[in-house]
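The structure under discussion appears below in the form of structure tokens.
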2 protein chains.
Amino acid sequence: MALPIPGTPVRGSKSGKPIMALLDLLGRTWALGIIWQLRQGTLSFSELQACCENISPTLLTTRLKELQQTKLIEKNLQGYQLTSIGLGLFEVISPLGQWAKQWQLSFEQP
Amino acid sequence: MALPIPGTPVRGSKSGKPIMALLDLLGRTWALGIIWQLRQGTLSFSELQACCENISPTLLTTRLKELQQTKLIEKNLQGYQLTSIGLGLFEVISPLGQWAKQWQLSFEQP
DNA sequence: AAATTTAACTACATATTATGTAGTAAGCTA
DNA sequence: TAGCTTACTACATAATATGTAGTTAAATTT
């Protein structure tokens, strides 16, 4: 699938509205999970693979490339880390952790 | 794929950490897009289909069921709307709209 | 009331993505 | 140099998504 670069046509928006590009990118399997796992620093390819419940190396390679090309992560000598842009994204989505705990309660106390 | 209910094993976490269930759910094609489109009220099946760049009816049906079962959306006479839980989720992710605009700038001014 | 239209789906064949195993390449380690 | 380890790539199989063509039921028109 074509990379969802904001400003270009993506799934969900021929106009390339940046939010649509973002939702396309984050909606791809494991993309959010990878960003979440990198929140505390660098992880190597195999560490990421382990963190992400043994995501297949094929898909991990694909997602890492996409996230690099969209400037959310970058590679360093030790592995992969969030860029400053990616860190900014994580800060936006980090409240999801707390929200998810509340969500869980609605299944336990129906 | 099994529904990602927090507290049960999901892709990414055998322990069923609620954040992992959430990332699994939101990482499915169009799930985030559907939530985003419902932010301003009720949309019918066909309105959603149109909003989501002609998502296939098969997949829209599947996602609507998943999002209902995970309590994020509900059906009413006019169509589908966010539940109060789903609205809470939208409020958490709504800053993505503004963030995406900043993200776009990094592609225009490299 | 019968026929037509419309909205909301479902079925299914095709196409695209993801998985999982195996293998390759490059850089240490002994 | 021979054997590890890490980081991938290749590829066959399996799971998902798409797109077209129905089907069903309710509303509207005639």
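Proteins come first, then strands; the chains are lettered A, B, ... in the order of their sequence lines, and each starts at number 1.
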According to a strict under-4.0 Å criterion, is [X] in side-chain N/O contact with OP1 or OP2 of [N]?
X: A:Thr61; N: D:dA7; value: no
X: A:Arg28; N: C:dA18; value: no
X: B:Thr29; N: D:dA17; value: yes

Rounded to the nearest angstrom, tell me the gap between atom [atom1] in [X] and atom [atom2] in [N].
X: B:Asn76; N: C:dA8; atom1: CG; atom2: C1'; answer: 14 Å
X: A:Arg63; N: C:dT19; atom1: CZ; atom2: C1'; answer: 13 Å
X: B:Glu66; N: D:dA15; atom1: CD; atom2: C1'; answer: 13 Å
X: B:Leu60; N: C:dT10; atom1: CG; atom2: C1'; answer: 13 Å
X: A:Leu48; N: D:dC8; atom1: CG; atom2: C1'; answer: 13 Å

What's the closest nucleotide to the [X] side chain, out of [options]?
X: B:Ile55; options: C:dA7, D:dT18, D:dA17; result: D:dT18
X: A:Lys75; options: C:dC9, D:dT18, D:dC8; result: D:dC8
X: B:Tyr80; options: C:dC9, C:dA22, D:dT18; result: C:dC9
X: B:Leu59; options: C:dT19, D:dA17, C:dA11; result: D:dA17
X: A:Thr58; options: D:dT9, D:dC11, C:dC12; result: D:dC11
X: B:Phe45; options: D:dT18, D:dA7, C:dC9; result: C:dC9
X: B:Ser46; options: C:dT10, C:dA8, C:dG20; result: C:dA8
X: B:Trp30; options: D:dT18, C:dC9, C:dA22; result: D:dT18

Donor-acceptor contact present, side-chain B:Lys71 to main-chain B:Thr83, <3.5 Å
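Not a single qualifying donor-acceptor pair exists.
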
Any sub-3.5 Å donor-acceptor pair from A:Glu91's side-chain atoms to A:Gly88's backbone N or O?
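No; judged by distance alone, with no hydrogens or angles, the pair does not exist.
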
Beyond-backbone contact of A:Pro57 with A:Phe45, side-chain heavy atoms, under 4.5 angstrom
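Sidechains of A:Phe45 and A:Pro57: in contact.
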
Heavy-atom distance under 4.5 Å between the side chains of A:Leu38 and A:Leu87, does that happen here?
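Heavy-atom side-chain distance check fails, nothing below 4.5 Å.
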
Quick check: closest heavy atoms across B:Ala31 and B:Leu67, and the distance to 0.1 Å?
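Smallest interatomic distance, heavy atoms only, reads O-CD1, 4.3 Å.
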
